[in-house]
**Student:** 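Let me begin by handing over the structure; questions about it come next.
Everything numeric here is computed off the predicted structure, so don't read it as measured data.
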Amino acid sequence: MTEPHQLTTPQCRRIAYHFTEGQGPCVVFLGGFKSDMAGTKAVYLQDWAKATGRSFLRLDYSGHGVSSGEFLDGAIGDWFEDALAVINAVTSGPLVLVGSSMGGWISLLVAKAIPERIAGLVGIAAAPDFTEDSMWASATEAQRAELMDKGQIALPSEYSDAPYIITRRLIEEGRNRLVLRDALRLNFPTRLLQGTDDIDVPPSVALRLLDHAQGADIRLTLVKGADHRFSTPACLALITDAVADVLKANI
C-alpha cells in the first residue's frame with residue numbers, strides 16, 4: 001500500500017488521503033465515527049474505481065487513522081471542514097459522495113456546501129444528526145448532567161471492550177450541523193442503503209431521511225439481515241451497484 005498524501009487545512013489540521021486518478025465524476029468515500037480510510041468499504045471502492053478507470057478519493061478526518069489530532073478534540077464540524085478542504089484541493093468537476101454512517105451526515109453537509117458540484121450521493125447506513133438524536137436523546141438525566149459538568153461521558157461500544165467517550169463539544173458543536181431540522185434538497189440521484197439488523201443506526205433513521213429529503217430521484221434499499229458494518233460480499237456489491245447507478249444517471 002502506498003503512503004498517503006498529506007494536506008494541511010485552513011484550520012492547520014494535517015489530513016491524510018489517497019487519490020486515484022481517473023475519469024469523472026470523482027467518487028469520494030467518507031467514513032464513519034472512529035473509522036478510517038483503510039476500512040473494508042473504502043479499500044473495496046478504491047479497487048473498484050481503479051478497475052473501472054474511475055477517479056476516487058478517500059481520507060482520514062482529523063483524529064482518525066493517520067491524520068493529525070486527537071479524536072476526542074474533534075467534532076462534526078471539524079470533520080466536515082477536513083473533508084471539504086481535501087475535496088476542494090484535490091478534485092475538480094462533479095462528485096459522487098459515498099458516506100458511511102457518520103460519513104452520510106458529512107456527505108450531506110458537503111452537498112449543502114457545494115451543491116453545484118454534486119452529481120450524486122450514496123448513503124450507507126447514513127446517520128445524520130446522530131449526536132443529537134441518538135447520543136443525546138438516549139442519554140439519561142444523570143449522564144447529561146455528567147457530560148455538562150465533566151465535559152465527557154463513557155458509553156458502551158458494540159465493537160470494543162473500551163467504551164465510546166462522548167464529549168460535550170461533540171454534542172454542542174453538532175447542534176450547529178443538524179440537517180434534518182430544515183429543508184434538505186437533494187437535487188441529484190441519491191441512493192440510500194440500509195441493513196435491517198443494524199442496531200447502531202436502525203432502519204428508522206433511513207426512513208426518516210427518505211421522508212425528510214426533497215428530490216426527484218431518491219431511493220432506499222433495505223437489506224434483510226445486514227448489520228451496521230454492511231461489508232459482506234453481497235453488501236459491497238450493492239454499494240458499487242448503487243454508485244454505478246448514480247453515475248449512469250449522469251450520462
**Student:** Can you check side-chain contact (heavy atoms from CB on, under 4.5 Å) on L192 and L209, steps first, answer last?
**Tutor:** CA-CA 9 Å; L192 305 175; L209 175 56; 3.9 Å; yes
**Student:** Is it the case that R13 places NZ or CZ above or below the six-membered ring of W79, under 6.0 angstrom from the centre and within 45 degrees of the axis?
**Tutor:** no
**Student:** Take atom CD in Q214; do more than 12 heavy atoms of anything else shown fall under 6.0 Å from it?
**Tutor:**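 Yes.
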**Student:** Answer whether the closest heavy-atom distance between the side chains of V223 and Q194 falls below 4.5 Å.
**Tutor:**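 No, too far: nothing below the 4.5 Å cut-off.
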**Student:** Does the side chain of L7 reach to within under 4.5 Å of the side chain of Y17, using non-hydrogen atoms?
**Tutor:** yes
**Student:** Within the structure provided, determine whether I166 and I171 are in side-chain contact (heavy-atom separation under 4.5 Å).
**Tutor:**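 Contact flag for I166/I171 side chains = yes.
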**Student:** Hey, does the side chain of T190 reach the backbone of F188 with a donor-acceptor pair shorter than 3.5 angstrom?
**Tutor:** yes
**Student:** Hey, is R169 close enough to D73 for a salt bridge, meaning N to O under 4.0 Å?
**Tutor:**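 Not counted as a salt bridge, because no side-chain N and carboxylate O are separated by less than 4.0 Å.
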**Student:** If you look at every heavy atom in V201 and A127, which pair is closest and at what distance?
**Tutor:** CG2-CB, 3.8 Å
**Student:** Shortest non-hydrogen contact from A111 to I118?
**Tutor:**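 In this case the closest contact between A111 and I118 is CA-CG1, 3.8 Å.
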**Student:** If every non-hydrogen atom of G65 is compared with every non-hydrogen atom of D36, which pair is closest and at what distance?
**Tutor:** CA-CB, 3.7 Å
**Student:** Restricting to pairs with a member in residues 137-150, which pass salt bridge (charged side-chain N to carboxylate O under 4.0 Å, His left out), not counting sequence neighbours?
**Tutor:**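 Matches after skipping sequence neighbours: E141-R144.
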**Student:** Applying salt bridge (Lys or Arg N to Asp or Glu O under 4.0 Å) to D245 and R219, what does each step give before you reach the verdict?
**Tutor:** CA-CA 11 Å; D245 188 44; R219 305 176 194 173; 3.6 Å; yes
**Student:** Centre of F56's six-membered ring, under 6.0 Å away, within 45 degrees of the axis: is that where NZ or CZ of K50 sits?
**Tutor:**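 K50 over F56 ring: no.
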**Student:** Could you tell me if the side chain of V98 sits less than 4.5 Å from the side chain of V28, heavy atoms only?
**Tutor:** no
**Student:** Between CZ of F80 and CD1 of I106, what distance do you get to the nearest 0.5 Å?
**Tutor:**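 Those atoms lie 8.0 Å apart.
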**Student:** Check the hydrophobic clustering (I, L, V, M, F, W, Y; side-chain heavy atoms under 4.5 Å; chains of links allowed) and say if L108 and L170 are grouped together.
**Tutor:**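 Yes, one cluster joins them.
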**Student:** Listing request: all salt bridge (charged side-chain N to carboxylate O under 4.0 Å, His left out) pairs with a residue in residues 19-33, at least two apart in sequence or in separate chains.
**Tutor:**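 Sorted result for residues 19-33: empty, none.
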**Student:** If I compare all heavy atoms of R185 with all of A183, which pair ends up nearest, and what's the gap?
**Tutor:**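 Looking at all heavy atoms of both residues, the closest pair is NH1-CB, 3.5 Å.
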**Student:** Determine, using the 4.5 Å side-chain heavy-atom cutoff (strictly less than), whether M37 and F29 are members of one ILVMFWY cluster.
**Tutor:**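 Result: no, two separate clusters.
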**Student:** Where is the tightest heavy-atom contact between A85 and P10, given as atom of each residue plus distance?
**Tutor:**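 Looking at all heavy atoms of both residues, the closest pair is CB-CD, 4.2 Å.
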**Student:** Is a side-chain N or O of S134 found less than 3.5 angstrom from the main chain of T131, in a donor-acceptor match?
**Tutor:**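 Here the side-chain-to-backbone pair does not exist.
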**Student:** Do F230 and C235 come close enough that some side-chain heavy atom pair is under 4.5 Å?
**Tutor:** yes
**Student:** I need the single residue from K41, R54, H18, R58 that forms a side chain to side chain donor-acceptor pair (under 3.5 Å) with Q46. Which is it?
**Tutor:**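 Passing option: R58.
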**Student:** When rounded to the nearest 0.5 angstrom, what is the spacing between CG in L184 and CZ in R181?
**Tutor:** 12.0 Å
**Student:** Between M102 and F130, is a side-chain contact (heavy atoms from CB on, under 4.5 Å) present by the stated rule, with each step listed?
**Tutor:** CA-CA 8 Å; M102 181 185 76; F130 74 90; 3.5 Å; yes
**Student:** Look up atom CG in L95 and atom CG in L57, then write down how far apart they are to the nearest 0.5 Å.
**Tutor:** 9.0 Å
**Student:** Would the distance check show the side chain of S68 and the main-chain N or O of R14 forming a donor-acceptor pair, the cut-off being under 3.5 Å?
**Tutor:**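 Yes.
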**Student:** Can you list every side chain to side chain donor-acceptor pair (under 3.5 Å) pair that touches residues 94-113, not counting sequence neighbours?
**Tutor:** S101-H228
**Student:** Has Q6 got more than 12 heavy atoms of other residues, nucleotides or ligands less than 6.0 Å from its CD?
**Tutor:**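 Buried by this count: over 12 neighbours within 6.0 Å.
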**Student:** Is the shortest heavy-atom distance from the side chain of R191 to the side chain of D217 under 4.5 Å?
**Tutor:**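 Result yes, sub-4.5 Å side-chain heavy-atom pair found.
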**Student:** For the backbone of G77 and the side chain of E173, can you confirm whether one donor and one acceptor N or O come within less than 3.5 Å of each other?
**Tutor:**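 Indeed, once roles are kept as given, a pair shorter than 3.5 Å links the two residues.
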**Student:** May I ask you to test the T91-R117 pair for a side-chain heavy-atom distance under 4.5 Å?
**Tutor:**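 Yes, their side chains come closer than 4.5 Å.
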**Student:** What do the steps show when you test T240 against L45 for side-chain contact (heavy atoms from CB on, under 4.5 Å), and what is the final call?
**Tutor:** CA-CA 7 Å; T240 51; L45 270 172; 3.9 Å; yes
**Student:** Look at D129 together with R177 and state whether they make a salt bridge at an N to O cut-off of under 4.0 Å.
**Tutor:**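 No, no charged N to carboxylate O under 4.0 Å.
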**Student:** Minimum heavy-atom separation for A16 and V66, please, with both atom names.
**Tutor:**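 Scanning both residues completely, I find the closest heavy atoms to be CB-CG2, 3.5 Å.
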**Student:** Taking side chain as C-beta onward, heavy atoms only, is R168 less than 4.5 Å from I153?
**Tutor:**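 R168 does not reach I153 side chain to side chain.
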**Student:** Say whether L186 and L30 are linked into one hydrophobic cluster, either directly or through other cluster members, by side-chain heavy-atom distances under 4.5 angstrom.
**Tutor:** yes
**Student:** Hey, could you give me the CG/CG distance between L220 and D211, rounded to the nearest 0.5 Å?
**Tutor:** 11.5 Å
**Student:** May I have the step-by-step check of side-chain contact (heavy atoms from CB on, under 4.5 Å) for T232 and L236, ending in yes or no?
**Tutor:** CA-CA 6 Å; T232 66; L236 293 172; over 6 Å; no
**Student:** Is it true that V246 and W48 fall in one hydrophobic cluster, defined by side-chain heavy atoms closer than 4.5 Å?
**Tutor:** yes
**Student:** As a test of understanding, state which of F33, Y164, Y61 forms a ring-ring contact (aromatic ring centres under 6.0 Å, His included) with F71.
**Tutor:** F33
**Student:** Say whether L238 and V96 are linked into one hydrophobic cluster, either directly or through other cluster members, by side-chain heavy-atom distances under 4.5 angstrom.
**Tutor:** yes
**Student:** For the pair H64 (side chain) and L59 (backbone), establish whether a donor and an acceptor sit closer than 3.5 Å, ignoring hydrogens and angles.
**Tutor:**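 Here the side-chain-to-backbone pair does not exist.
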**Student:** Measure the spacing between CG of D60 and CD1 of I15 and express it to the nearest 0.5 Å.
**Tutor:**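 Interatomic distance, D60 CG to I15 CD1, rounded to 0.5 Å: 8.0 Å.
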**Student:** Can you confirm whether the side chains of S62 and D82 place a donor and an acceptor under 3.5 Å from each other?
**Tutor:** yes
**Student:** Rounded at 0.5 Å granularity, tell me how far CZ in R229 sits from CG in D200.
**Tutor:**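 Here the rounded value is 8.5 Å.
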